[in-house]
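This report refers to the structure that appears directly beneath it.
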Amino acid sequence: MLRSFPAVCSALFCVAFSLLLGLPFSIKAQQVPPKRELRGVWIATVENIDWPSARGLPAEQQRREYRRLLDAQQHNGINAVFVQVRPSSDAFYQSELEPWSKWLTGQQGKAPSPYYDPLLFLIEEAHLRGMEFHAWFNPYRASTDTATRKLAPNHPFRKHPEWFLRYSGKLLYNPGLPAVREYITQVILDVVRRYDIDGVHFDDYFYPYPEAGQVIHDELAFAEYNPDGLKLSDWRRQNVNILVRDLHAAIQQNKRWVKFGISPFGVWMNQNEHPEGSATKAFQGYTGLYADAREWMRQGWVDYILPQLYWSTNFRAAAYPVLVDWWARNHFGRHLYIGHGAYRMQESTRSDTTWRNPRELPRQVRLNRKYPEDVNGSVFFSARSLMANAKSTTDSLRWHEFRYPALVPTMPWLDAVPPRPAQNLVLTRTGPTAMLTWQPGPAASDGDIARYYVVYRFAQGETATPDDPRYIIGLVPQLPTHAPVLVDTSARANTAYAYYVTAVDRLHNESAPVRVLTTGRSAEIIVAQAPSAGAAPASEVPAPVTRQTPTPRAGTLVRPSTTPSTIKTKVKTKHRKRGNFFQRLFGGR
């Protein structure tokens, strides 16, 4: 009941505001898709699950596969990738601490040939498509087997065999050793400092999943490093908590804009074992993996939590709606993204026949949106599963749930200062085609500059609002080698529009807009000399038009061209003493 109150107030405010200005308001506004929503996909490298498709491929083939993968995900509406860069104490990047991954080159410790730095390439290609890049680390897995003779000469086991445990045919770091926690932090900070990543990401592997007949032999560490005299289970949870707490602080000290998030097992605790638990009857991350995800959020040690809810709506032991509701009530103000099992759409299991329904995954996304103040997005496991388009599920997401673009939600505890608006916005129109060019504004007070730009287009009778992504016609990255350009090929001939351009920084704070108002002539140049003070009233946007907004593509870049026989119109924007609705919603300087 309380959760719905802000949405009700917002709707009433929009109605009242529209009536005051004489702007149209429709009940369809309630159906507006979210403008801010993280839409991510995991790209697993271990066992070559998603990329590269096989070990030891030529470097150019690796790059070609990755570009195709990102193009497909961009087409699906994805705006963030979570790429596994350290699957087993090995590296998909140049490292002085750990060996090259065998999943990349076919032999652990062997560099790519011809040489290139994969991580640098992976990040750049994601950013070119307007996607966040989260570097995914498995903190404790050291090897997928215990054949230590196959480990590279510079594998940490060679120098510190005392750091490791053998469990169920795998080699694992011992979380109870302070030296191990310090080393893992060092490995991750090495990437944070040297690469332009947007986030550090952990999966659900902390202490190993229990297996029959297997014992974690950490008795010596428990005896030596337990000054508080905790019982074994509490001590193991404390070890994980210390790593999470200290790593988050270290990341912030090095780069304040790099996010830290974890994807825990989907059930924290069952209600029958803990009063704060969920109404489920399933394995528990708290007791089984010694991962206290609720505490990480309560303490603010993570910037987002991404529980793996790989169960269907009707799975009784751990029903998807029950768990979404529980996490929505227990994220303590940190971002909550939901991990979806896209791979389940390829299964025909008798234990959960709901996955045979092609509507199951889209239904889960729609359920998330019923918690607009709590659930901030979805991430799918994994990239290859989403590309498989089982039961046409991906088509459904692309054409319905993810039809329109979405900006990544902001994190005000990391950065709440918007960038400066764009400058020197110029629109050149030839026939129906309109080309917009502009220049970046100066750095904001916190030193941030624009990372990308959002271009909105409105016609007569359409309310100029920043909240409706159906009016976004492009997301344009700020590149070091090109001035920002967007070419609108979907505009109608002899039709006038208002175009708004906003600047967005790397933490997705959005500036006040600059705007140009066209006349509808077939040839014209319009210059906006100053940032807009707010939205254009409907009367300023001439020539009514009925249109269906096309699905935009992010990062449309072209080189400016000169157009003969143009009519030049200079539009000066007046500054208002008080910002109106559009400016107040955007903020900015």
- prompt: Got a salt bridge between R236 and D218, using NZ or NE/NH1/NH2 to carboxylate O under 4.0 Å?
  reply: yes
message: Taking E132 first and then K259, would you say they form a salt bridge - that is, a charged N and a carboxylate O separated by under 4.0 Å?
response: yes
message: Between the side chains of R369 and E37, is the shortest nitrogen-to-carboxylate-oxygen separation below 4.0 Å, so that they form an ion pair?
response: yes
Charged N-O contact under 4.0 Å between R506 and D198: yes
field: Enclosure of R359 CZ (heavy-atom neighbours >12, cutoff 6.0 Å)
entry: no
- request: Using side-chain contact (heavy atoms from CB on, under 4.5 Å) as the criterion, list what pairs up with H331, not counting sequence neighbours.
  value: M297, L336, D374
message: Looking only at the aromatic ring of each residue, does the gap between the centers of H201 and F133 stay below 6.0 angstrom?
response: no
query: Does the ring of Y173 carry R141 above it, NZ/CZ under 6.0 angstrom from centre and within 45° of its axis?
result: no
Aromatic W413 / basic R334 pairing, under 6.0 angstrom, 45° off normal: yes
task: Please confirm whether W268 and Y286 have ring centers closer than 6.0 angstrom.
output: yes
message: Could you check whether R194 pairs with D190 (Lys NZ or Arg NE/NH1/NH2 to Asp/Glu carboxylate O, under 4.0 Å)?
response: yes
message: Can you tell whether the side chains of R398 and D395 come within less than 4.0 Å, N to carboxylate O?
response: yes
- prompt: What about Y183 and W163, are their ring centers closer than 6.0 Å?
  reply: yes
statement: Residues passing the side chain to side chain donor-acceptor pair (under 3.5 Å) test with R350, sequence neighbours excluded, are none
message: Can you confirm whether the side chains of N154 and E96 place a donor and an acceptor under 3.5 Å from each other?
response: no
field: Carboxylate-amine/guanidinium contact D467 R36, below 4.0 Å
entry: no
message: I'd like to know whether the aromatic ring centres of H248 and W296 sit less than 6.0 Å apart in this structure.
response: no
- prompt: When the aromatic ring centroids of Y140 and Y205 are compared, is their separation below 6.0 Å?
  reply: no
message: Would you call the rings of W235 and F222 parallel, tilted or perpendicular, taking 30° and 60° as the class edges?
response: perpendicular
task: For this output row, return yes or no: ring centroids of F265 and F283 closer than 6.0 angstrom.
output: yes
query: Just checking, any donor-acceptor pair under 3.5 angstrom between side chains of Y116 and Q62?
result: yes
query: Is the F121-Y66 ring centre distance short of 6.0 angstrom?
result: yes
- request: Please report the closest heavy-atom contact between L57 and A54, naming both atoms and the distance.
  value: CG-O, 3.4 Å
